[in-house]
Amino acid sequence: MLTAPLFNADDLRRWRSCERRFWLARHRLQRGDPGPAPAQPPELDVALRASFPHADTLAAPQTPSQWLQAMRHTLDCLDSDAPLPEGWAILGACLTSEDRAQARIDVLSAGPHGLRVFKVRQATAGDESDIDTVALWTHVAARCGFAVQGAGLLLVDTDFIYPGHGCYAGLFREVDLRPVLGSRPVAQWLDAMRHCAHGAEPAATPGPHCHQGEGCEFAASCKACPPPPVHRQDPASLDILGREAASAWRALGHRDVLSLRPDDIESPRQRRAVRAVQQGAPVIEPAVAELARHWPHPHHCLRFDTIGMAVPVWSGTRPYQTLPFQWSCAREEADGRWSDHHFLAAGQGSDPRRAFAETLLQVLGTQGAVLAYNAGFERNRLRELAQWFDDLAPALDALQTRIVDLFQVAREHYYHPAMAGSWSLRAIARAVAPGVDMDVTLDPALGAKVGRTAQSVYALMEKPGQTLPVRHACREALQAHGRRETEVLRELVGVMES
């Protein structure tokens, strides 16, 4: 048996982006450290099984012997003389060509004149790397002696409406890649990859790929790799005034806002920002207090969290449809104290939208201002809820008239140097509640790898087969996140009222 690992789609992706990354990954494999194996998202696997009900599914091989076993199984399925039923496919088919390339094909199905090769994307569009992968898989299948009739991508169709009961037929749409596969010289690429793998360590080719997606796994040890871009703005940068204004002031010789004269600035919003930075303290216009006095009590500070799932789990919804799963509200009580209220969708497959709307109406009642930030988002979700539930529509429509958009009020009356030109809720938090962490955090000891957004934590909580400890930790983290967001809104309201 050959000791050097065969070339696969991951090798090709690394080699096409940076030869050094490819070389280092190959040498790590030869030392016996394969790294984590990619896994298909469980919800995507369920949808594929529904689209191909007679599919033969192969688990991802973890060792060379498992790969040989999976390859033999694939060949046995393809060599069978038994008639193939409609909806037949091999999910995760394994093939190896004589030029030392291997392919684990997402979907390998049969057409009237040959095989059909598909890469599955949990997205609405593919990229150049997807085309490279399909080209490699097609090359391997052809070198194995199979006629390839079709090759392409299976992408999520946003027009699909989930009827429920696990019926995902029609979720994916086919995109034919055959017209562009000819531009991919796979045989030449494999030859160049062989020479690279057996040669000395090549120089790195730095670029955006160093940090795109999950980034290069060797970036920390790469001297040629540029540092990741820092998006935090300098509070005194001219860019806090906007791109056009910054360009105009630079053309006049200014390097930052410290050299500007506020009286020379026409825009009140820009003038307010310059004053705040130059005096090193926030600026709030007196008129905002008069506005705040007209907000009827009791006050309610409200935040929504939503998710757009590629594979919908609630009947009547579409892929990537914006769906609310959590609301958080801080309500002002009669004695001036604030009480926290919360709703978080629970239970897989259980549509939470009606419970979301009913509990929200119960907490908000019929009196008092509803204070939200960038409130157009909340208004749109309320309109959608009203369209879904006719009996709740009058109360939901009445609720929209009580909403005050703190974003619009802040833009016209307030600026803090810590905002650094941004009007996001995170920027407001830096200004009015600097000790509040706006990320959603989980205990790393749970072994759950997840992003720092409410959407990623909710997706982890609702993942099929998720353990109870992780699910419980996700619920606590999401509820704590909601309380922190409404705390920021309370602090902002306090600044405006004072």
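Note that the coordinates shown come from a computational prediction; the quantities given were computed from them, not determined experimentally.
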Exercise. Are more than 12 heavy atoms from other residues, nucleotides or ligands located less than 6.0 Å from atom CG of Leu252?
Worked result: yes
Exercise. How would you list all residue pairs meeting salt bridge (charged side-chain N to carboxylate O under 4.0 Å, His left out) that involve residues 359-369, not counting sequence neighbours?
Worked result: none
Exercise. Got a salt bridge between Arg13 and Asp132, using NZ or NE/NH1/NH2 to carboxylate O under 4.0 Å?
Worked result: no
Give every donor-acceptor pair under 3.5 Å between a side-chain atom in residues 277-292 and any protein atom, sequence neighbours left out.
unit_1 : atom_1 : unit_2 : atom_2 : d
Gln278 : NE2    : Val257 : O      : 2.9
Gln278 : NE2    : Leu260 : O      : 2.7
Gln279 : NE2    : Ala281 : O      : 3.4
Gln279 : NE2    : Pro282 : O      : 3.4
Glu285 : OE2    : Arg272 : NE     : 2.9
Glu290 : OE1    : Arg293 : NE     : 3.3
Glu290 : OE1    : Arg293 : NH2    : 2.6

Problem set entry | Under the side chain to side chain contact (heavy atoms under 4.5 Å, CB included) test, residues paired with Gln400 that sit two or more places apart | Arg379, Leu382, Arg383, Asp397
Exercise. Considering residues at least two apart in sequence or located in another chain, which fulfil the side chain to side chain contact (heavy atoms under 4.5 Å, CB included) criterion with Ala398?
Worked result: none
Exercise. Which pairs, with at least one residue in residues 247-290 and sequence neighbours excluded, count as a ring-ring contact (aromatic ring centres under 6.0 Å, His included)?
Worked result: Trp249-His254
Exercise. Under the salt bridge (charged side-chain N to carboxylate O under 4.0 Å, His left out) rule, what pairs show up with a residue in residues 300-319, not counting sequence neighbours?
Worked result: Arg303-Glu485
Exercise. Any side-chain donor-acceptor pair under 3.5 Å between His299 and Trp295?
Worked result: no
Exercise. Quick one: is the NZ or CZ of Arg353 closer than 6.0 Å to the six-membered ring centre of Trp388, and within 45° of its axis?
Worked result: yes
For this session: Quick one: list whatever passes salt bridge (charged side-chain N to carboxylate O under 4.0 Å, His left out) with Arg411, sequence neighbours left out.
Result: none
Problem set entry | Non-neighbouring partners of Asp390 that pass salt bridge (charged side-chain N to carboxylate O under 4.0 Å, His left out), sequence neighbours left out | none
Exercise. Per the ring-ring contact (aromatic ring centres under 6.0 Å, His included) rule, which among Tyr320, Trp314, Tyr168 passes with Tyr162?
Worked result: Tyr168
For this session: Flag the pair Val493 / Glu497 as yes when at least one side-chain heavy-atom distance between them is below 4.5 Å, and no otherwise.
Result: yes
For this session: Flag the pair Phe389 / Glu358 as yes when at least one side-chain heavy-atom distance between them is below 4.5 Å, and no otherwise.
Result: no
Exercise. Taking only residues two or more places apart in sequence, or in another chain, which ones meet Arg20 in a salt bridge (charged side-chain N to carboxylate O under 4.0 Å, His left out)?
Worked result: Glu201
Exercise. Excluding sequence neighbours, so at least two apart, what forms salt bridge (charged side-chain N to carboxylate O under 4.0 Å, His left out) with Arg269?
Worked result: Glu412
For this session: Please list, chain by chain and in numerical order, all residues satisfying side chain to side chain contact (heavy atoms under 4.5 Å, CB included) with Asp335, sequence neighbours excluded.
Result: Glu333, Arg337
Exercise. Would a 4.5 Å heavy-atom cut-off, applied to side chains only, mark Leu392 and Arg354 as touching?
Worked result: yes
Exercise. Hey, are the side chains of Val404 and Val370 touching, using non-hydrogen atoms and a 4.5 Å cut-off?
Worked result: no
Exercise. Side-chain donor-acceptor pair under 3.5 Å between Glu332 and His297, yes or no?
Worked result: yes
Problem set entry | By side chain to side chain contact (heavy atoms under 4.5 Å, CB included) - contacts of Phe356 (at least two apart) | Phe304, Pro324, Trp327, Phe343, Leu360, Leu385
